[in-house]
Amino acid sequence: MERTAQKSLPLILAREFASNVAIPIFLVDAENTLVYYNDAAAVAFGGPFGHSGELRHGEWAARFNPTRPDGSAYDRSELPLVVALEERRPSHGVNLVNDPRGGRTLIEFSALPLFSSPDDFAGVLVAFWE
């Protein structure tokens, strides 16, 4: 059984928050590993978090395949999650993404960086909705 690293307090608290709201939320750590998604996000990820567990970036990001609303490709640096991860600032965007039914759906994403202190980046909380 694979052991997971101990999580920082901001990720623990964000997970508790996410588990108690109805809007779809997922959390990634500072290394862009998906460390949690709530029940509202389970449809987008193909089932409950308990079945998938933590996923490295390459294992989960391809499921969404985000593009601009017109279908054109984004530069990676424009994606809200990437902005929050790399620039350590909040970001919002509208993306066309793969949905679990095999189609494409327009989704809004808000990505919020999480810190335990001004210099200690913990990860990102991403809320999304149609």
Side-chain angles (χ1 to χ4, degrees):
M1 182 171 169
E2 182 179 326
R3 296 184 64 128
T4 58
Q6 185 168 339
K7 302 298 178 255
S8 66
L9 184 58
L11 285 174
I12 293 168
L13 294 173
R15 179 178 175 148
E16 180 64 22
F17 169 75
S19 69
N20 286 291
V21 297
I23 191 167
I25 292 175
F26 65 91
L27 304 171
V28 298
D29 65 14
E31 288 77 41
N32 203 6
T33 297
L34 179 77
V35 295
Y36 179 73
Y37 56 85
N38 65 4
D39 289 342
V43 171
F45 287 96
F49 180 74
H51 289 140
S52 69
E54 293 185 5
L55 299 169
R56 298 221 180 272
H57 179 259
E59 296 173 309
W60 68 269
R63 294 181 188 189
F64 289 107
N65 188 27
T67 62
R68 289 188 174 90
D70 66 5
S72 62
Y74 272 109
D75 178 63
R76 182 180 178 283
S77 66
E78 296 176 283
L79 296 170
L81 174 60
V82 174
V83 170
L85 273 169
E86 294 181 357
E87 298 180 25
R88 312 289 201 259
R89 65 178 176 86
S91 184
H92 179 82
V94 178
N95 307 108
L96 194 58
V97 299
N98 292 340
D99 68 35
R101 298 172 300 275
R104 301 281 285 163
T105 303
L106 202 59
I107 301 288
E108 292 194 47
F109 290 89
S110 288
L112 306 170
L114 302 170
F115 297 88
S116 49
S117 70
D119 296 324
D120 191 11
F121 178 67
V124 177
L125 178 148
V126 179
F128 61 99
W129 60 92
E130 287 188 46

- Message: Has His92 got a side-chain atom pairing as donor or acceptor with Phe109's backbone, closer than 3.5 angstrom?
- Response: yes
- Message: Could you report the tightest heavy-atom contact between Ala122 and Leu11, atom names first, then the distance?
- Response: O-CD1, 3.5 Å
- Message: Working to the nearest 0.5 angstrom, can you tell me the gap between Trp60 CH2 and Glu54 CD?
- Response: 12.5 Å
- Find out whether Pro80 and Val126 are in side-chain contact, i.e. whether some heavy atom of one side chain is under 4.5 Å from a heavy atom of the other. no
- Identify whether Ile107 and Val83 are in the same connected component of the hydrophobic contact network (ILVMFWY, side-chain heavy atoms under 4.5 Å). no
- Task: Answer yes or no: is there a donor N or O on one side and an acceptor on the other, between the side chain of Asp29 and the main chain of Glu31, under 3.5 Å?
- Result: yes
- Out of curiosity, Arg88 CZ to Asp119 CG, how far, rounded to the nearest 0.5 Å? 10.5 Å
- Task: Quick one: pull up CG in Leu9 and CG in Asp120 and give me the separation to the nearest 0.5 Å.
- Result: 10.5 Å
- Within a strict 4.5 Å, meaning less than it, do heavy atoms of the Leu81 and Asn32 side chains meet? yes
- Task: Mind checking the OG-CG spacing from Ser91 to Leu85? Nearest 0.5 Å is all I need.
- Result: 10.5 Å
- Message: Quick one, Val82 and Tyr74 - any side-chain contact, counting heavy atoms below 4.5 Å?
- Response: no
- Message: How close do Thr67 and Ser72 get, counting heavy atoms only, and between which atoms?
- Response: CB-O, 3.3 Å
- Side chain proximity check, Val43 to Pro100, heavy atoms < 4.5 angstrom: yes
- Look at atom CG of Asn98 and say whether more than 12 heavy atoms of other residues, nucleotides or ligands are closer to it than 6.0 Å. yes
- Query: Does Tyr37 use its side chain to pair, donor to acceptor, with the backbone of Pro48 at less than 3.5 Å?
  - Reply: yes
- Item | Leu125-Trp129 co-clustered via ILVMFWY side chain contacts under 4.5 Å | yes
- Is the shortest heavy-atom distance from the side chain of Pro90 to the side chain of Leu112 under 4.5 Å? yes
- Does any pair with a residue in residues 63-72 pass salt bridge (Lys or Arg N to Asp or Glu O under 4.0 Å), and if so which ones, sequence neighbours excluded? Arg68-Glu78
- Query: Is there a donor-acceptor contact under 3.5 Å from the side chain of Asn38 to the main chain of Asn20?
  - Reply: no
- Item | Shared hydrophobic cluster, Phe121 / Leu114 (ILVMFWY, side-chain heavy atoms < 4.5 Å) | yes
- For the residue pair Ala127 and Ile23, what are the closest heavy atoms and their distance? CB-CD1, 4.4 Å
- Message: Could you check whether any side-chain heavy atom of Phe17 comes within less than 4.5 Å of a side-chain heavy atom of Ile25, counting everything from C-beta outward?
- Response: yes
- For Arg101 and Asp99, which heavy atoms make the closest approach, and how far apart are they? N-OD1, 2.9 Å
- Item | Side chain proximity check, Val97 to Phe128, heavy atoms < 4.5 angstrom | no
- Shortest non-hydrogen separation from Val28 to Leu34 and the atoms involved: CG1-CA, 4.0 Å
- Heavy-atom pair with the smallest gap, counting every atom of Pro113 and Ala84: CB-O, 4.0 Å
- CA sep, side-chain torsions, deciding dist, call: Asn65, Arg104, side-chain contact (heavy atoms from CB on, under 4.5 Å): CA-CA 9 Å; Asn65 188 27; Arg104 301 281 285 163; 4.0 Å; yes
- Distance (rounded to the nearest 0.5 Å) between Ser8 OG and Phe115 CZ: 11.5 Å
- Nearest 0.5 Å please: distance from the CZ atom of Phe49 over to the CZ atom of Phe26. 12.5 Å
